[in-house]
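Residue numbering restarts at 1 for every chain, and letters A, B, ... go by the order of the sequence lines.
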2 protein chains.
Amino acid sequence: MKKMSDKQGLSPDAVIDRLKAKGISATRQRVQIAELLFAKPQHLSADQVLERVNREDSTASKATIYNTLNLFARKGLVREVIVDPSKVFYDSNTSEHHHVYNLDSGVLTDIEFTSINMAELPPLPTGTTPVTVDLIIRVRESS
Amino acid sequence: MKKMSDKQGLSPDAVIDRLKAKGISATRQRVQIAELLFAKPQHLSADQVLERVNREDSTASKATIYNTLNLFARKGLVREVIVDPSKVFYDSNTSEHHHVYNLDSGVLTDIEFTSINMAELPPLPTGTTPVTVDLIIRVRESS
DNA sequence: CAGGTAATCTGGACTTATTCCAAAACCTTC
DNA sequence: GAAGGTTTTGGAATAAGTCCAGATTACCTG
Ligand SMILES: [Mn+2]
Ligand SMILES: [Mn+2]
Ligand SMILES: [Zn+2]
Ligand SMILES: [Zn+2]
């Protein structure tokens with residue numbers, strides 16, 4: 001009987017393949033971080049990744065967490081979401097979508113790309129090409 | 001002959017009125033910061049405000065710059081723009097508009113609100129009300 | 001397997017935007 | 001001009017993120 005990975009999400013092998021597909025060598029630390037991130041679409045800060053990776057048995061240092069998240073972002077495995085001036089969120093949902101940020105709770109939620117009807121981009125400053133388009137709706141608890 | 005303010009922009013009195021209209025008492029430091037910001041629509045970091053306010057004669061401390069920018073933001077006189085994880089921009093253009101952020105140069109540019117055709121907002125998480133909607137297009141020099 | 005080389009990881013120091021604090025300066029009112 | 005609230009201020013504190021130089025690990029070749 002094949003053992004499935006603990007939680008839902010990709011099997012370790014699938015994670016390794018995903019890293020290798022981007023030309024990233026699959027070290028122990030990288031695989032662990034990737035397994036955590038790719039388990040489901042989610043938004044985690046570097047601190048949260050550090051805490052969760054080290055919660056169980058093995059460990060990864062703070063420097064490695066940052067190195068790895070930056071590497072993954074550069075390679076397109078995660079998306080950096082800049083909504084809170086005090087920390088960056090790393091988003092394992094790499095499909096096109098937008099965000100709702102709850103200023104009261106700090107919770108970041110996805111919004112379907114299609115539920116926002118945006119015309120094509122306006123003329124950008126000359127000599128520039130778009131890299132990312134982010135729509136962020138900040139909300140408050142409507143007590 | 002009425003003396004106009006140095007650069008273009010509101011006269012000192014107009015600035016003071018604008019502060020008072022928001023219930024902000026017009027101290028020397030606040031007026032100076034407001035004069036700088038309201039001179040034209042622009043995007044400045046706290047550091048840039050500190051540097052420019054203190055470049056000329058009088059002074060304001062770092063703590064006061066932050067206090068004042070946070071106060072102005074809370075009162076709606078400036079808009080905080082979160083595009084760079086390393087610093088907040090304060091935007092003296094309070095009309096509805098969007099932003100282009102040049103990742104290479106760090107320059108932040110306005111985009112007409114109307115040039116983006118957005119349908120009404122999608123359903124937000126229940127129990128929340130929208131506060132701000134920000135569209136940010138990150139670009140690179142297309143060398 | 002062994003040795004050599006490059007890549008990766010790590011603890012801890014460092015940087016830096018922002019906030020915090022308690023004392024000083026300022027304003028307004030009697 | 002004393003009282004009392006508000007604002008400012010220098011400097012300390014906080015915390016995300018980066019840097020660094022020395023291990024550790026991975027990979028390659030024979
Ligand atoms: Mn980064
Ligand atoms: Mn703020
Ligand atoms: Zn997301
Ligand atoms: Zn703007």
Side-chain angles (χ1 to χ4, degrees), chain A residues 12 15-16 19-20 22-36 43-54 56-75 77-91 101 103 106 108, chain B residues 15-16 19-20 22-36 43-54 57-75 77-91 101 103 106 108:
Chain A
V15 167
I16 292 173
L19 296 184
K20 291 199 171 148
K22 295 283 185 176
I24 298 172
S25 64
T27 64
R28 176 178 58 80
Q29 292 85 343
R30 287 171 180 172
V31 171
Q32 279 191 237
I33 295 169
E35 277 189 87
L36 166 62
H43 309 102
L44 297 176
S45 67
D47 222 45
Q48 289 175 311
V49 173
L50 176 64
E51 198 265 320
R52 293 186 196 192
V53 163
N54 290 349
E56 315 283 323
D57 33 279
S58 72
T59 59
S61 72
K62 179 163 63 92
T64 296
I65 299 292
Y66 278 101
N67 285 344
T68 301
L69 290 172
N70 281 328
L71 175 66
F72 285 6
R74 199 166 350 107
K75 297 288 188 169
L77 288 172
V78 297
R79 190 219 272 208
E80 291 185 340
V81 183
I82 320 273
V83 285
D84 185 323
S86 78
K87 61 183 169 326
V88 172
F89 285 101
Y90 293 88
D91 189 346
Y101 187 56
L103 295 164
L108 190 58
Chain B
V15 168
I16 291 174
L19 296 183
K20 291 199 171 148
K22 296 284 185 175
I24 298 172
S25 63
T27 65
R28 176 177 58 80
Q29 292 86 341
R30 287 170 178 172
V31 170
Q32 280 189 238
I33 295 169
E35 278 189 84
L36 166 62
H43 309 101
L44 297 175
S45 66
D47 221 46
Q48 289 175 310
V49 172
L50 176 64
E51 198 265 319
R52 292 185 197 192
V53 161
N54 289 350
D57 33 280
S58 72
T59 58
S61 72
K62 181 164 57 90
T64 296
I65 299 291
Y66 278 100
N67 285 345
T68 302
L69 289 173
N70 280 327
L71 175 66
F72 285 5
R74 199 167 348 109
K75 297 290 188 168
L77 288 171
V78 297
R79 191 220 275 207
E80 291 184 341
V81 183
I82 320 279
V83 284
D84 185 325
S86 78
K87 62 181 172 318
V88 172
F89 285 101
Y90 293 88
D91 189 347
Y101 187 57
L103 295 164
L108 190 59

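For the pair A/R28 (side chain) and A/T59 (backbone), a donor-acceptor distance under 3.5 Å is present.
Looking only at side-chain heavy atoms (C-beta outward), B/V31 and B/I16 come within less than 4.5 Å of each other. No side-chain heavy atom of B/L50 sits less than 4.5 Å from a side-chain heavy atom of B/Y66. Within the 4.5 Å cutoff, no side-chain heavy atoms of A/V81 are placed close to those of A/Y101.
Shown here are the side chain to side chain contact (heavy atoms under 4.5 Å, CB included) partners of A/S25, two or more places apart in sequence or in another chain: A/T27, A/R30. Every residue two or more places apart in sequence or in another chain that forms a side chain to side chain contact (heavy atoms under 4.5 Å, CB included) with A/S61 is listed here: A/A63, A/T64. Under the rule for a side chain to side chain contact (heavy atoms under 4.5 Å, CB included), the partners of B/K22 that lie at least two apart in sequence or sit in another chain are B/I24, B/K75, B/L77. For B/D47, the salt bridge (Lys or Arg N to Asp or Glu O under 4.0 Å) criterion is met by no residue, not counting sequence neighbours. Residues meeting the side chain to side chain contact (heavy atoms under 4.5 Å, CB included) test with B/R74, sequence neighbours left out: B/L71. For B/N67, the side chain to side chain donor-acceptor pair (under 3.5 Å) test picks out no residue, with sequence neighbours left out. B/K87 pairs by the salt bridge (Lys or Arg N to Asp or Glu O under 4.0 Å) definition with B/D84, not counting sequence neighbours.
In this structure, CG of B/N70 is placed 9 Å from C1' of C/dT18, rounded to the nearest angstrom. Atom CG of A/L50 and atom P of D/dT18 are 14 Å apart (whole Å). For the pair A/E80 CD and D/dA16 P, the computed distance is 16 Å after rounding to whole Å. Here the C1' atom of nucleotide D/dA16 and the CD1 atom of A/I82 are 12 Å apart, to the nearest Å. Note: CG (A/D84) to P (C/dA17) measures 17 Å, nearest angstrom. To the nearest angstrom, P of D/dT18 lies 11 Å from CZ of A/R74. As a whole-Å value, the separation of B/F89 CZ from C/dT18 P is 10 Å. Atom-to-atom, CG of A/L44 to C1' of D/dG17 comes out at 17 Å; the value is rounded to the nearest Å.
Under 4.0 angstrom from either OP1 or OP2 of D/dG17 there lies at least one side-chain N or O belonging to A/Y66.
Within 4.0 Å of B/S86, counting heavy atoms only, lie sugar-phosphate atoms of the nucleic acid but no base atom.
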Report, one pair per line, the protein and nucleotides 3-10 of chain D atoms (nitrogen or oxygen only) whose separation is under 3.5 Å.
unit_1 : atom_1 : unit_2 : atom_2 : d
D/dT7  : OP1    : B/S25  : OG     : 3.2
D/dT7  : OP1    : B/R30  : NH1    : 3.3
D/dT8  : OP1    : B/T27  : OG1    : 2.5
D/dT8  : OP1    : B/Q29  : OE1    : 3.4
D/dT8  : O3'    : B/Q29  : NE2    : 2.8
D/dT9  : OP1    : B/Q29  : NE2    : 3.2
D/dT9  : OP2    : B/S61  : N      : 2.9
D/dT9  : OP2    : B/S61  : OG     : 3.3
D/dT9  : OP2    : B/T64  : OG1    : 2.8

Between the protein and nucleotides 22-27 of chain C, which nitrogen or oxygen pairs are less than 3.5 angstrom apart?
none

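Each end of the helix from C/dC1-D/dG30 to C/dC30-D/dG1 gets its own axis, taken as the rotation carrying the C1' atoms of four end pairs onto the next four within a five-pair window, and the two axes meet at 20° to the nearest 10 degrees.
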